[in-house]
Amino acid sequence: MSQHSLGLLRLKTIVYIPCRFPVSSAGIFSLLLIPTIVLLLLKGHLTSSRTDRLGTFARLMTEMTLIQSFRGDPQRQAPRLWQDRLGMNLAKDLWRRQGRGLWWQAWANDGEAYLLLPEILWPMSVNSSIAFKRLDDMVVIASDGLHRQQLLQSLDEGFVHSPAGQSSLQRFCNSVLQHGPAVTWSPDGLASVSGAMAPLLQISRYGCLSLRLDRNQLKWQGVVGYRPFGLAPVGIDARPFQYRPMAIKLAARPDTDQALLNMQVKSMDLLFGSLLSKQIIQDSLDKNYGINQQLRLRLASLPLDFSLGKQPKGPFQASIQIKFELPEGSSRWQPVIDTVSQHLEARDFTKEDKLVVQKDQNTDVDFSGLTLWRQPYSDGERVVGGWVWQQQNGKPTRFGIALGDSPMLTDISNKPIELVHPDVMKLSADTAGLYRLGLLNGFWPAPVKQAKLLTMNLSYLRGAKLKKTDWWWMSGQLILEQASTP
């Protein structure tokens, strides 16, 4: 679907939502985490006007943490931000004149929200109390004169705009911001939205996604990355390695009613790379568990399958099942396993070993080394976790870990971990279920908390060096229980 056609779609639910850090559902789920907000373009502007706007966006994107573009809807009341920045009468008049055109909202590091409108919409004269400034073919409106002056100073300090020098990823972001609902964010913006989940979202520290609402499905696609888009080398193109329709059908809904989240990752460093790179984490792993640099590098390279499921009864609300492919066998990891066992026993957990496990009736697969850990509760001892090895030709090759439950042998053996090229991550989640259990923190808006299914796919960009890249193509969708209402 072209960016021009995206600009014509009707997005009734992408509206301004006031909160501590006001972000809409569309903006948040540029992510999957991942969760920001941008700028747009009126229909019918001339090419020269668009060139001016490219410069404005490029300047703003260096200073703002979140920018989001919205489509007007004259059938609705002007958003609260319009009323706050313009006053009731002017907001009502400009909102009516705006029609179905695009407008923008941007957030600064201090949380200040700026309203951005096409200059062609702006009247010849306005009340002197409105803190506005014309920037090329746009008008920026701040809450007061002080914030307006601070923004202008930051934009003027050492910024030189050179369209010819922009990377493909920067040009892509400028384009989607001008042609339809979209969102872009920086690390500070991501952290403000995702809360405690931010360390696991480092692959999307920077992002720019186009957004579309199709009945009860909010869809997105675009570019995310660990480093700024301006640092992307010339060879990287802002297109997926392999074409995907916007928000194609990805992983199915979690397999059972108890499933909350399923995720497959090509290598663990995509999720935990930033944590494993911290010296305090490295020292702790080495000192307490014997996981030295060589083992950390091996862990970071491992493909990972992760699932989170509801626990209908017992001391835990949910349980985790994790599995790794370890074709080198168990000997290399046994010292680490023994050290973990010693730590657990020192904390009064009870160990139950089953060195040989019979074939699972449902899988016809051999297992060995099943270890369960129990803890006393008021109604008796309960299993709180464990691990097991799956064998191939008599050799352990796959390791399964459980937290909050016993290892699920059928789940460990019944599906491959490796993703098919060019995918590097797939995820499906019941976000409503996660929220009800208090497992979805951060400033997620109501539609996200009520969604019955989120799916997300991360894959290589065209032209990326597959073994080492800092930018990826993201697509996904959020399926709502019903069409959103304001």
Side-chain angles (χ1 to χ4, degrees), residues 16 18 21-23 27 36-42 45-46 48-70 78-87 90-91 94-95 98 101-166 170-171 173-175 177-178 182-189 192 206 208 228-230:
Y16 170 75
F21 203 100
V23 181
T36 224
I37 299 182
V38 223
L39 309 132
L40 351 122
L41 149 83
L42 280 174
H45 270 213
L46 300 176
S48 59
S49 173
R50 291 181 180 179
T51 302
D52 291 340
R53 189 166 298 166
L54 277 172
T56 303
F57 281 137
R59 296 165 68 188
L60 289 170
M61 287 166 62
T62 63
E63 298 300 327
M64 297 297 180
T65 62
L66 292 161
I67 307 174
Q68 187 170 357
S69 54
F70 302 86
R80 175 69 63 82
L81 179 66
W82 286 55
Q83 300 175 31
D84 291 345
R85 297 293 180 267
L86 305 174
L90 183 57
L94 295 187
W95 183 252
Q98 164 87 1
L102 297 174
W103 60 279
W104 303 265
Q105 183 171 354
W107 286 269
N109 279 313
D110 61 359
E112 173 73 2
Y114 294 84
L115 174 63
L116 293 93
L117 300 176
E119 197 273 339
I120 194 172
L121 192 67
W122 199 246
M124 294 294 293
S125 61
V126 297
N127 190 306
S128 60
S129 64
I130 298 177
F132 77 95
K133 177 66 177 179
R134 287 181 171 86
L135 289 178
D136 298 322
D137 70 331
M138 299 183 68
V139 177
V140 180
I141 306 100
S143 60
D144 52 49
L146 176 61
H147 282 96
R148 175 185 60 187
Q149 188 61 31
Q150 288 176 343
L151 175 63
L152 295 177
Q153 288 178 350
S154 64
L155 291 176
D156 289 339
E157 288 177 358
F159 181 83
V160 179
H161 172 56
S162 175
Q166 289 191 334
Q170 288 175 306
R171 292 193 297 272
C173 196
N174 283 332
S175 177
L177 292 176
Q178 295 189 74
V183 58
T184 186
W185 66 88
S186 69
D188 287 339
S192 68
Y206 299 87
C208 191
F229 291 165

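Keep in mind the model is a prediction, meaning the values are calculated, not measured.
No donor-acceptor pair closer than 3.5 Å links the side chain of Gln150 to the backbone N or O of Ser154. Panel note: side chain Asp110, backbone Glu112; a donor-acceptor pair is recorded below 3.5 Å. Of the possible donor and acceptor atoms, one in the side chain of Thr65 sits under 3.5 Å from a partner among the backbone N and O of Trp107.
Distance check: Asn109 CG to Ser192 OG gives 9.5 Å after rounding to the nearest 0.5 Å. Within the model, atoms SG of Cys208 and CE of Met61 stand 5.5 Å from one another, a figure rounded to the nearest 0.5 Å. For the atom pair Leu60 CG and Leu177 CG, the distance stands at 10.0 Å (nearest 0.5 Å).
Nearest heavy atoms, Leu135 versus Leu152: CD2-CD2, 4.2 Å. Nearest approach of Ala131 to Gly145, heavy atoms of both residues: CB-N, 3.7 Å. Considering all non-hydrogen atoms of both residues, Ala78 and Ala91 come closest at CB-O, 4.0 Å. Looking at every heavy atom in both residues, Trp103 comes nearest to Trp95 through NE1-CZ3, 3.5 Å. Among all heavy-atom pairs drawn from Met64 and Leu151, the shortest one is CE-CD1, 3.4 Å. When every heavy atom of Arg134 is checked against every heavy atom of Val139, the shortest pair comes out as CG-CG2, 4.0 Å.
Using a 30° and 60° split on the angle between ring planes, Tyr114 and His147 fall in the perpendicular class, above 60°. The aromatic rings of Tyr206 and Phe229 sit tilted, their planes meeting at an angle between 30° and 60°.
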If you apply the rule side-chain contact (heavy atoms from CB on, under 4.5 Å), what do you find for Gln105 with Leu116, and how did you get there?
CA-CA 6 Å; Gln105 183 171 354; Leu116 293 93; 5.8 Å; no
Trace of the side-chain contact (heavy atoms from CB on, under 4.5 Å) decision for Asn174 with Gln166:
CA-CA 10 Å; Asn174 283 332; Gln166 289 191 334; 3.0 Å; yes
So Ile141 and Lys133, side-chain contact (heavy atoms from CB on, under 4.5 Å) or not? Walk me through it.
CA-CA 7 Å; Ile141 306 100; Lys133 177 66 177 179; over 6 Å; no
Does Leu86 form a side-chain contact (heavy atoms from CB on, under 4.5 Å) with Phe132? I'd like the steps, not just the answer.
CA-CA 9 Å; Leu86 305 174; Phe132 77 95; over 6 Å; no
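Remark: the Ser186 side chain and the Asp188 side chain contain no N/O donor-acceptor pair separated by less than 3.5 Å.
The list of salt bridge (charged side-chain N to carboxylate O under 4.0 Å, His left out) pairs with a residue in residues 142-154, not counting sequence neighbours, is empty.
A 4.5 Å side-chain heavy-atom check between Arg85 and Ser143 finds at least one atom pair inside the cut-off. At a threshold of 4.5 Å between non-hydrogen side-chain atoms, the residues Phe70 and Leu102 do not count as touching.
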